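Just so it is clear, the structure is predicted and the values come from calculations on it, not from any experiment.
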Amino acid sequence: MLVERGLLVMNVEVVGDAYGIASNYLRRTGAIPDTSGTNERLLQIIVRLFERGEFNRLKLANKAIAKFEADELV
């Protein structure tokens, strides 16, 4: 049981860190508004990438940024 809880905490931390990196970049570029709220679309992208097996915070953030920006162009 403790292992499961530890993994859940690590998962939340990785996703949270990746979101922080990606949202900071996207706010600075003006792609998302500079508000204190969570951008649900960006968070969904990060969670999907995480569920598909990307566990590195920086790679997760970079892939999410690329996906977020690509979806904006469509």
Heavy-atom closest contact (Thr29 atom, Leu26 atom, distance)
OG1-O, 3.1 Å
Mind checking whether Phe55 and Ile21 sit in one hydrophobic cluster, side chains of I, L, V, M, F, W, Y counted as touching below 4.5 Å?
no
Testing the basics here: between Leu60 and Phe50, what is the closest heavy-atom pair and its distance to 0.1 Å?
CD1-N, 3.7 Å
Has the side chain of Arg48 got a donor or acceptor atom that lies under 3.5 Å from a matching backbone atom of Leu43?
no
If I take atom CD from residue Gln44 and atom CG from residue Asn39, how far apart are they, to the nearest 0.5 angstrom?
9.5 Å
If you compare all heavy atoms of Ser23 against all heavy atoms of Ile32, which two are closest, and at what distance to 0.1 Å?
O-CD1, 3.9 Å
With rounding to the nearest 0.5 angstrom, report the OH to CG distance, Tyr25 to Leu42.
12.5 Å
For the residue pair Ile46 and Ala64, what are the closest heavy atoms and their distance?
CG1-CB, 3.4 Å
Taking the side chain as every heavy atom from C-beta outward, state whether Ile65 and Lys67 have any pair of such atoms under 4.5 Å apart.
no
Reported NZ-to-CG distance for the pair Lys63 and Leu58, which is rounded to 0.5 angstrom
11.0 Å
Output for pair (Leu49 CG, Asn56 CG), nearest 0.5 Å, gives 12.0 Å
Taking the side chain from Arg57 and the backbone from Val15, do they hold a donor-acceptor pair closer than 3.5 Å?
no
Count I, L, V, M, F, W, Y as connected when their side-chain heavy atoms are under 4.5 Å apart, and connections chain through other members. Are Val47 and Ile45 then in the same cluster?
yes
Please report the closest heavy-atom contact between Ala18 and Ala61, naming both atoms and the distance.
O-CB, 3.6 Å
Closest contact, heavy atoms only, Phe68 versus Arg41:
O-NH2, 3.0 Å
